[in-house]
Amino acid sequence: MTRGRTLLLPLAAATVLVASTIFLYAAVGARWRPADTSLPVPADTATPTSFSTAVPVTVSSSSNSSGGKDLSFLDENGRPDDPGSGSTSADRRCDPRDAALRVFMYDMPPEFHFGLLGWSPPQSAGGVVWPDIRNGAELPRYPGGLNQQHSVEYWLTLDLLSSSSAPCGAAVRVADSRDADLVFVPFFASLSYNRHSRAVPPDKVSRDKALQEKLVRYLTAQPEWKRSGGADHVIVAHHPNSLLHARAALFPAVFVLSDFGRYHPRVASLEKDVIAPYKHMAKTFMNDSAEFNDRPTMLYFRGAIYRKEGGSIRQELYYMLKDEKDVYFSFGSVQDHGASKASQGMHSSKFCLNIAGDTPSSNRLFDAIVSHCVPVIISDDIELPYEDVLDYSMFSIFVRSSDAVKKGYLMRLISGISKQQWTRMWKRLKEVDKHFEYQYPSQKDDAVQMTWQSLARRVPAIRLKVHRSSRFSRSDRGGK
């Protein structure tokens, strides 16, 4: 009996040792098992030969010289980090999975985009449709003057071209449209209108109209357009007269606009489309310390006074305000150094008038914002960029047109705003002005990235629309 117990003790110890080992390996295996995504694990995924208890191992998408997969690690921010690269995470390309918005951009012929700027691909580069913007190469320049205020198309296109080789911003370009949230159409519609809207003899059709007709044929023939009916396409038409001949045919797409003043409600609306800011013409007020008492002008306006359509209110206000104390209300244009004079005037003014003109919006609002001159907005039909996330009432004053033309109303309203109230709005302007800066490369929450973010917020509604519209088409395919 004693001998039997003696033999059982080593056997029991061995059993415990084996069970502990099995349990340990099972626990480690559970810890390093891929997350349950309800998706099959690719068969060619490399299996690490050793484990580190400090950081998890992840597999990169690039192949090494042996035909397998390179291993990389996650850094402290949860992003892939290659210890052998010698670069920081900010220096590496953006993984589309990390971007807020994945965008497929058509490789359209240069005549639709940079060709309108006089750029053409080198003869030695067959099939190239884009300028090389890597390694600090000189960019095709967008024309100056009033052209620039509608240059949104240019900045968004540049941002996509550089997105795959830059740190993750708000959007990244993907090579396969099936991986994309949106499809971007690189047509410089505003530039086409500004430069080529008039027919040049002997041509009877303007180059702008011809390009729009060509654009419609191109897009409607693409599988991406057919797949969604164009609902997931993005077209920038920021100038109110741009895309005039094609908008009715392309209206299922998401338009990036300055306002809806010249669009039929069935073609464009706030539910479908996105409002982007103008590129301001006034210089941004850097290191602004000009507080309330440092701005001698109470109310400022400089611009065209006699306007058509909804802009007749400018004329009424001019005659009401031109003789008021501490009010500057004068005609001005870009031809007489208007941008420079407007910058000086806005920088020295407490409040800046933004009055409806030919259309509900104008560049003047964004000039006022970057000048930290509190905007006084008199435009009943105006729509504002990213207003779903930005409360303009924190730094602007809104006045109904019917109230603005009442004798004495506007001056009583402005004079009743205390120094403390004005200072709060002025400080807020200095916080939000970055959202209205177009720049390349784009920076966090600037106008480029804020516009992409606005588009990203449209994606769920677009997907719902596309999925609903394809219900019966899928059923029909299945029954064939």
Side-chain angles (χ1 to χ4, degrees), residues 99-103 150 152-153 155-156 159 168-172 180-184 231-238 240 251-261 263 265-280 354 356 359-366 368-370 374-400 424-425 427-439 442-468:
L101 186 66
R102 294 166 298 178
V103 183
H150 296 297
V152 182
E153 53 208 12
W155 304 103
L156 294 184
D159 197 55
C168 278
V172 65
D181 301 306
L182 294 172
V183 177
F184 186 78
D232 60 355
H233 283 51
V234 176
I235 302 174
V236 183
H238 202 259
F251 78 91
V254 178
F255 294 144
V256 178
L257 307 171
S258 58
D259 59 45
F260 301 115
Y263 279 78
R266 288 199 298 267
V267 174
S269 67
L270 195 59
E271 288 70 31
K272 176 177 74 75
D273 304 306
V274 164
I275 300 297
Y278 291 63
K279 186 181 187 303
H280 60 82
N354 181 75
T359 60
S361 68
S362 77
N363 190 45
R364 193 168 288 99
L365 169 62
F366 308 102
I369 290 173
V370 300
V374 175
V376 179
I377 300 172
I378 307 173
S379 182
D380 296 343
D381 297 320
I382 195 170
E383 297 293 351
L384 299 166
Y386 11 98
E387 196 173 7
D388 54 338
V389 296
L390 196 61
D391 186 355
Y392 282 75
S393 67
M394 299 294 290
F395 55 84
S396 304
I397 298 168
F398 292 85
V399 183
R400 293 183 180 87
R424 282 197 296 270
M425 289 187 282
K427 288 181 177 179
R428 185 61 179 148
L429 283 168
K430 295 200 295 181
E431 293 172 349
V432 303
D433 62 358
K434 64 182 179 181
H435 302 318
F436 303 93
E437 299 286 355
Y438 286 100
Q439 49 197 337
S442 65
Q443 302 297 317
K444 179 175 172 55
D445 293 337
D446 66 0
V448 176
Q449 296 203 13
M450 289 289 282
T451 300
W452 286 127
Q453 291 169 27
S454 294
L455 287 164
R457 292 192 290 274
R458 290 285 189 271
V459 169
I462 292 170
R463 285 178 177 160
L464 175 62
K465 182 178 179 180
V466 172
H467 293 168
R468 285 174 63 86

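Side chains included, hydrogens not; waters and symmetry mates left out as well; all remaining heavy atoms used.
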Heavy atoms, side chains only, cut-off 4.5 Å: are Pro265 and Phe260 in contact?
no
Please evaluate residues Val183 and Val103 with respect to the criterion side chain to side chain contact (heavy atoms under 4.5 Å, CB included), reporting the C-alpha separation (whole Å), side-chain torsions for both, the decisive distance (0.1 Å), and the verdict.
CA-CA 6 Å; Val183 177; Val103 183; over 6 Å; no
Tyr438 ring center near His280 ring center (under 6.0 Å):
no
Nearest heavy atoms of Pro277 and Phe436, plus distance in Å
CB-CD2, 3.8 Å
When you measure from the side chain of His150 to the backbone N and O of Tyr278, does any donor-acceptor pair fall under 3.5 Å?
no
Report the C-alpha separation of Leu455 and Leu101 in whole Å, then their side-chain angles, then the decisive distance to 0.1 Å, and conclude whether the side chain to side chain contact (heavy atoms under 4.5 Å, CB included) test is met.
CA-CA 8 Å; Leu455 287 164; Leu101 186 66; 4.3 Å; yes
Keeping Asp273 on the side-chain end and Ser269 on the backbone end, is there a donor-acceptor pair under 3.5 Å?
yes
Rounded distance [0.5 Å steps], CD1 in Ile369 versus CD in Glu437:
10.5 Å
Taking side chain as C-beta onward, heavy atoms only, is Val152 less than 4.5 Å from Val448?
no
Note: Gly169 and Gln449 closest approach over all heavy atoms is CA-NE2, 3.9 Å
Pair Tyr392 and Tyr386, ring centroids less than 6.0 Å apart
no
4.5 Å side-chain heavy-atom contact, Leu390 and Phe395
yes
Rounded distance [0.5 Å steps], CD in Glu387 versus CD1 in Ile382:
9.0 Å
With a 4.5 Å cut-off on side-chain heavy atoms, are Leu257 and Val274 touching?
no
Can you check whether His233 reaches Leu182 side chain to side chain, under 4.5 Å on heavy atoms?
no
Interatomic distance, His238 atom NE2 to Leu156 atom CG [nearest 0.5 angstrom]:
9.5 Å
Cationic N near anionic O, under 4.0 Å, Arg400 to Asp380:
no
Could you tell me if the side chain of Val254 sits less than 4.5 Å from the side chain of Ile462, heavy atoms only?
yes
Salt bridge (Lys or Arg N to Asp or Glu O under 4.0 Å) evaluation trace for Asp181 with Arg102:
CA-CA 5 Å; Asp181 301 306; Arg102 294 166 298 178; 3.3 Å; yes
Can you measure from CZ (Phe366) to OG (Ser258) and round to the nearest 0.5 angstrom?
8.5 Å
Decide yes or no on side chain to side chain contact (heavy atoms under 4.5 Å, CB included) for Val376 and Val399, but give the supporting numbers first.
CA-CA 7 Å; Val376 179; Val399 183; 4.0 Å; yes
Between Glu431 and Arg428, does any side-chain N to carboxylate O distance fall below 4.0 Å?
yes
Nearest heavy-atom contact between Ala170 and Trp452 is CB-CB, 3.7 Å
Regarding Lys272 and the six-membered ring of Phe255, is the cationic atom NZ or CZ under 6.0 Å from the ring centre and inside 45° of its axis?
yes
Check the side chains of Gln453 and Asp445 for a donor-acceptor pair under 3.5 angstrom, ignoring hydrogens and angles.
yes
Start with the C-alpha gap between Leu384 and Ile275, add the side-chain angles, then the distance that decides, and say whether side chain to side chain contact (heavy atoms under 4.5 Å, CB included) holds.
CA-CA 6 Å; Leu384 299 166; Ile275 300 297; 6.0 Å; no
Measuring from atom OG of Ser379 to atom CD1 of Ile377, what distance do you get when rounded to the nearest 0.5 angstrom?
8.0 Å
Distance check, rounded to the nearest 0.5 Å: Leu429 atom CG versus Lys427 atom NZ?
12.5 Å
Nearest heavy-atom approach of Val374 to Ser396 is CG1-CA, 4.4 Å
What's the shortest heavy-atom distance between Lys279 and Asn363, and which atoms?
O-OD1, 3.1 Å
So does Leu365 get a backbone contact from the side chain of Asn354, meaning a donor-acceptor N/O pair under 3.5 Å?
yes
Gln443 backbone acceptor or donor facing Asp446 side chain under 3.5 Å
yes
